[in-house]
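Sequence positions, counted from 1, serve as the residue numbers for this chain.
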Amino acid sequence: MVGLIMFSAQTSTASRNSSDTDSNSANIDGSEASEAFSSIGNAYMSLLVLLTTANNPDVMMPAYKENRMYALFFIIFLTIGLYCFFNMLTAVIYNQFRGYLQTSIQASFFRQRLGIRAAFEIMRRQGKGFSNRTQIRNTIPVSIVKSVILQVKMKKVFKAAIIRELDDNMGGFVTSTDFRSLFDVLDTPIRIKKEFPKKIFRHSVLNKIQSCVSHQYFAYFGSFVAVVNVFCITVEMGLTNKEKGIEDLVSALNFIFIIYYVVELMLKIWMLGWQKYFSTILNIIDFLVVVSLFVVEIAYASSVKTPFYSKIYDSHVLFVLSRVINLLILVRLFRIVTHIKPMAIVVWTTLDLIRNLRAFAGILVVIYYFFAILGIMVFNGKITFKDRDMNRTTECGTYEQLNYWANNFDDFAAALVVLWDVMLVNNWHIFLEAYKVYVSKWAQIYFILWYFVSVLVCLNLFAALIIENFITKWDRYHIQEQEDQQTMYMLNVHAMFRHDLKEPSEDDLMDALRQHNHLNL
């Protein structure tokens, strides 16, 4: 309403004044100014699009040219709406979802504890006839627990961890609390680092080389060489044909770098042993990249008769081979991620998100499918090139002038692309205006609903979950670093909210067991 009061009369005056001077200028300034705040509906739509910054500063410029003080209206509006309201909305959405998710996880946690306690009670009662008289009341002999664990279908790494816990920290009998703690390992999947015996050489020189290769600084030097190699590729890509001597030098350096990669790979496999070297996924990837790089370089050198020949544009095959070499070198640069702790945490956080947010991704797929089908049913064939408005083809920034004809709802794939473009909110006001002209002004409701669901809810929630996962991963990493643990934990959703979960009481568990339909306790 404030914008309508402030700019409706002013923009109409600007439109009339501009029509007396220059018709082209009137078409741009006058229509933009008069349309933005010509009615309450247009004012609402203009300010809604402004909240996404898609039409900023276009919607402001007609009024700003008349009086610079008008810019304060748009600045205050964006400060309150975009930077305050939207950020608070993100916090509210995530807080509500986090509460719902925590309630769901708490119920799942209770069912998990209930199942563990049920297993304990069944083993305790069935094991009375096989135990001796010295058995403590409400306990189970460790031997019975071991025999049951060995028969249960479970990953070997979990079985080994539970058996190891029984041998190291349990006495002759297991209480309900001890039995419950055995299964805490199931909440966080574990990848145990395997220990390989150190390869021993009789010659002192070989032992010194082995120490150098296994040292951390050797890996740092290899990453430094990869960075220098990428820098040389950057220089080579920026050179012109006139700098033939420097270009040959850079090509020779690339060949030398590849030889170094092969030598480094051979030293690591020889000195560390192939079992220890191939025990990590990063070493396997590095091996495949280096071998592929060496094979492609040999193919390139055999084609040009020399590895130092840099004029790669004589044939398409040589051009493709050179680009493959550069791409493989760039891929190998990712090895520095393992040496920079913050970057490593970012990578692990990304992997955790891929593993833990499958349900969220499923919801997003369902939302996309629903809106795509709805869009096809409502807008199929509504915008076509042959029925275009010729007057709009000359207007700058319109659907017709930008050739957006491929963005339509004529099939399912095209509908998905339109929804993706609108979700990014870049130029989404162009879709709003086009479907308003060709269909109806009520068609804008469809895009507004999609914006609220996809951007304000889904994307804000996704951003909040990323922050939560990263903070939890960062804290867990520092705890493991201080304790110098030998295991690496991959966080799941239960682990993310574990500190907020309440441990069920014994009375609650036993009451639930007594009321169970299939247990007679």
Side-chain angles (χ1 to χ4, degrees), residues 41-42 44-55 82 85-86 89-90 92-94 96-101 104 350 353-389 392-393 397-466 493:
N42 289 339
Y44 174 79
M45 292 303 304
S46 298
L47 294 179
L48 177 62
V49 175
L50 181 61
L51 278 177
T52 65
T53 69
N55 61 349
L82 179 62
F85 176 74
F86 271 17
L89 182 62
T90 301
V92 170
I93 291 173
Y94 179 65
Q96 293 295 325
F97 179 81
R98 196 177 191 276
Y100 171 77
L101 182 62
S104 177
T350 304
L353 287 173
I354 296 174
R355 187 170 58 91
N356 292 327
L357 297 183
R358 289 174 294 183
F360 179 83
I363 295 174
L364 192 61
V365 169
V366 172
I367 293 174
Y368 258 93
Y369 180 82
F370 173 78
F371 274 89
I373 295 299
L374 181 61
I376 292 174
M377 294 173 61
V378 177
F379 304 122
N380 186 15
K382 296 296 183 181
I383 298 182
T384 58
F385 182 77
K386 63 179 182 179
D387 297 331
R388 66 188 183 278
D389 186 353
R392 288 171 50 86
T393 56
T398 60
Y399 186 94
E400 296 81 359
Q401 189 267 333
L402 295 174
N403 288 323
Y404 275 19
W405 303 107
N407 289 323
N408 52 59
F409 289 91
D410 292 346
D411 57 74
F412 186 75
L416 292 178
V417 174
V418 173
L419 293 177
W420 173 262
D421 292 338
V422 175
M423 189 178 70
L424 298 181
V425 301
N426 185 30
N427 286 345
W428 78 297
H429 59 288
I430 295 176
F431 294 96
L432 290 173
E433 184 64 24
Y435 281 88
K436 174 186 175 182
V437 172
Y438 288 99
V439 183
S440 171
K441 64 179 181 179
W442 301 107
Q444 295 176 323
I445 298 177
Y446 171 84
F447 295 97
I448 295 175
L449 288 176
W450 171 247
Y451 168 75
F452 274 96
V453 172
S454 63
V455 178
L456 296 186
V457 177
C458 293
L459 291 187
N460 285 334
L461 180 61
F462 183 69
L465 288 175
I466 290 177
V493 179

| message | So that I know where these two stand, are Tyr438 and Tyr399 an aromatic pair - ring centroids less than 6.0 Å apart? | response | no
Atom [atom1] of [X] and atom [atom2] of [Y]: how far apart are they, to the nearest 0.5 Å?
| X | Y | atom1 | atom2 | value |
| --- | --- | --- | --- | --- |
| Thr384 | Asn408 | OG1 | CG | 9.5 Å |
| Thr53 | Leu82 | OG1 | CG | 6.5 Å |
| Tyr368 | Trp450 | OH | CH2 | 4.5 Å |
| Lys436 | Met45 | NZ | CE | 8.0 Å |
| Leu51 | Ser46 | CG | OG | 11.5 Å |
| Leu48 | Tyr44 | CG | OH | 5.0 Å |

Might you point out which heavy atoms bring [X] and [Y] nearest each other, and give the distance in Å?
| X | Y | result |
| --- | --- | --- |
| Val418 | Asn407 | CG2-C, 3.6 Å |
| Val457 | Ile93 | CA-CD1, 4.0 Å |
| Ala372 | Leu416 | CB-CD2, 3.9 Å |
| Ala414 | Ala406 | CB-O, 4.3 Å |
| Cys458 | Ile367 | SG-CD1, 3.7 Å |
| Ile376 | Ala415 | CG1-CB, 4.1 Å |

| Single hit among Trp442, Phe452, Tyr435, Phe371 for ring-ring contact (aromatic ring centres under 6.0 Å, His included) with Phe447 | Tyr435
Answer whether the closest heavy-atom distance between the side chains of [X] and [Y] falls below 4.5 Å.
| X | Y | answer |
| --- | --- | --- |
| Thr52 | Val49 | yes |
| Glu433 | Thr398 | no |
| Phe379 | Tyr446 | yes |
| Ile383 | Phe409 | no |

| Asn427 side chain to Tyr404 side chain, donor-acceptor N/O pair below 3.5 angstrom | yes
| said: Tyr451 vs Leu456, test: side-chain contact (heavy atoms from CB on, under 4.5 Å). Steps then yes/no. | reply: CA-CA 7 Å; Tyr451 168 75; Leu456 296 186; 3.8 Å; yes
| request: Return yes when atom CZ of Phe412 has more than 12 non-hydrogen atoms of other residues, nucleotides or ligands closer than 6.0 Å, and no otherwise. | output: yes
| Aromatic rings Trp405 and Phe385: how do their planes relate, parallel, tilted or perpendicular, breaks at 30° and 60°? | perpendicular
